[in-house]
Structure formats: structure tokens, C-alpha cells
Amino acid sequence: MTSTPDTLAAYLDLAEPFGSVVDRVPADAWDAPSPCEGWTARDVLAHVIGSQRGFLAERGIDVASSTDLDADPSNDASADVSADVSADVLADVLADVSADIATDPRAVWRAHEARMRELLADPAVAGMEYDGVFGRTTVGASIVAFHGFDLVVHRWDIAVAAGLDEHLTDAELEMIDRSADGFGDHLYDDGVCKPALPVGEGADRQERVLARLGRLVPAGA
């Protein structure tokens, strides 16, 4: 994935349905428990935004404000940093995001999405190379592949917390399965997904895919 328009379009294909769920969450449901143990719907949203911001911050990209998008990423030392977001950077970013989300989750998501549109439309950001866990890659490819996975799975988590009826498309379920295959054993690393759960013989594809991620579809959903 090297084309900037393709990167932006792929991100929006995942971010816009996520935003649609965020818009439909009742104001009194943001503190409801989600399928992510110990996390409310508000916590899940903070994680999604904070993870994207933290990943970009590790590469010298400020999601919260304008940056020099005309710089040559090949001259940027941050292009060679590790794929992992440091605990200190992520903690600082999450603290800021959580404080903002405490007042208006929808507005925070919309502002974040707008900024991501701006950043991913620029080749100096989307095409910035770095050494990731699975080898040399780009910021744009990681945003779509890794953080895009979060946008789909956590969209469902937020919907469940809010009591919304949300069904993933066949294409999204295929993407989750493909991503899970690619993650390998890392899928069940601490802080990623719980161990896979058994499902009944009559389970549909969504139930089977989510069970692979340690999630149960609520009865009647």
C-alpha cells in the first residue's frame, strides 16, 4: 500500500463506520462496560484515538496540531524508530485523550478523524518508512493494517457497550481473520486479545470470528 489516495480511502472505509457508531452512542452509555474487561465504552474510544496518536507521536508526527508535512521523511531520524509505542509516550497521550473525552466523546473523535484525513492525504506522512515488528513498512500501511483492525473490532465493542445492534460486513470479517492470521501468536499477547473461545455448532461467521478474539456475541444480538 504505497499510494496516498489508496491509504486515505482505506482508512476512511474503516474510520467512517466507527464514527457512525460513536455518533449513535447515547450520552448515558459512555460509562457502560464493554466486552474489553475493565474498560467502558469511553475507555475503548480513548484507546483507539490514543493508540493512533501515540503511534504517530513516536514518529515525530503531531496529530493534535499542524506539522511540517513537506519535510522529506527519508531525512527524518524518526523514520527508523521501532514499531512499538513506548509506554511513556502512550501514557501521556492517553491521559490527554481521556481528559478530552470526559466532556464530549463525539467531538473528540470527529476532530481526530479530521486530522487523520489531513495527515494521511500527505505523502510525507503516509509514505514515511520505519522498521516495524514484521519488517520495513510505512506509517500509512500500519495505520490501515494494525490500527484499522482496532477500528473494526472496537467499533463492535463500543456498540455492544451502548446496546446498539452492529453487524460487521463480510469484508470486515475477512479482514479480521486475515489480520489475525498475520499477527500469529502476537494476537494473544498481553493487552491484545484474550484466548479464543469455543462457539456452538450453529454459530454464524461473526460469532466465530469474534470468538477467535476472545469475544462472545451477546444473546439476541
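What's counted below: heavy atoms across the whole structure, side chains too, no hydrogens, waters or symmetry copies. All figures in this text were calculated on a predicted structure; none of them were measured in a lab.
Rounding to the nearest 0.5 angstrom, the gap separating the CG atom in Leu173 from the NE2 atom in His167 is 11.0 Å. In this structure, the separation between CD on Glu172 and CZ on Phe149 is 12.0 Å, given to the nearest 0.5 Å.
Salt bridge status for Arg110 with Asp104: absent, with no side-chain N to carboxylate O gap under 4.0 Å.
Of all heavy-atom pairs spanning Ala161 and Pro33, the tightest one is CB-O, 3.3 Å. Pairing each heavy atom of Pro35 with each of Trp156, the nearest pair is CG-CZ3, 3.8 Å. Here the closest heavy-atom approach between residue Ala141 and residue Thr138 is recorded as N-OG1, 3.1 Å.
In this structure, the side chain of Arg24 does not engage the main chain of Ala159 through any donor-acceptor pair within 3.5 Å. Distance alone, capped at 3.5 Å, places no donor-acceptor pair between the Arg212 side chain and the Arg208 backbone. Side-chain N or O atoms of Arg42 include none that pairs as donor or acceptor with a backbone N or O of Pro105 at under 3.5 Å. Under the 3.5 Å distance criterion, the side-chain polar atoms of Arg215 are matched with a main-chain donor or acceptor of Leu213. A donor-acceptor pair is defined here as one N or O able to donate and one able to accept, closer than 3.5 Å; such a pair exists between the side chain of Arg115 and the backbone of Asp62.
With contacts defined as side-chain heavy-atom distances shorter than 4.5 Å, the pair Val25/Leu45 does not qualify. Taking the side chain as every heavy atom from C-beta outward, Ile143 and Thr7 never approach each other to under 4.5 Å. For the pair Val139/Leu119, no side-chain contact is recorded, criterion being any heavy-atom separation below 4.5 Å from C-beta on. For the pair Val48 and Arg155, the minimum side-chain heavy-atom distance is 4.5 Å or more. Side-chain contact between Asp43 and Ser34 is absent, with no heavy atoms from C-beta onward closer than 4.5 Å. Leu151 places a side-chain heavy atom less than 4.5 Å from the side chain of Gln52. Between Val63 and His112 the shortest side-chain heavy-atom distance falls below 4.5 Å. Two residues are said to be in side-chain contact when any heavy atoms from C-beta on lie closer than 4.5 Å; Met116 and Leu56 meet this criterion.
Between Asp157 and His154, the side chains place a donor N or O and an acceptor N or O closer than 3.5 Å (distance only, hydrogens not considered). Defined by atom type and a distance below 3.5 Å, a donor-acceptor pair is missing between the side-chain atoms of Asp23 and Ser20.
Under the ring-ring contact (aromatic ring centres under 6.0 Å, His included) criterion, Trp30 pairs with no residue at all, not counting sequence neighbours.
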Report task. Tell me, with the steps shown, if Leu12 and Glu113 meet side-chain contact (heavy atoms from CB on, under 4.5 Å). Result -> CA-CA 9 Å; Leu12 294 178; Glu113 182 190 344; 4.0 Å; yes

Report task. Apply side-chain contact (heavy atoms from CB on, under 4.5 Å) to Phe18 and Asp150, showing your working. Result -> CA-CA 10 Å; Phe18 182 91; Asp150 266 10; over 6 Å; no

Query raised in the report: side-chain contact (heavy atoms from CB on, under 4.5 Å) between Leu168 and Ile176: does it pass, once the steps are laid out?
Result: CA-CA 10 Å; Leu168 305 182; Ile176 292 173; 3.8 Å; yes

Side chains of residues 197-205: which donor-acceptor pairs under 3.5 Å do they make with residues two or more places apart or in other chains?
| unit_1 | atom_1 | unit_2 | atom_2 | d |
| --- | --- | --- | --- | --- |
| Asp204 | OD1 | Gln206 | N | 3.2 |
| Asp204 | OD1 | Glu207 | N | 2.8 |
| Arg205 | NH2 | Glu174 | OE1 | 2.9 |

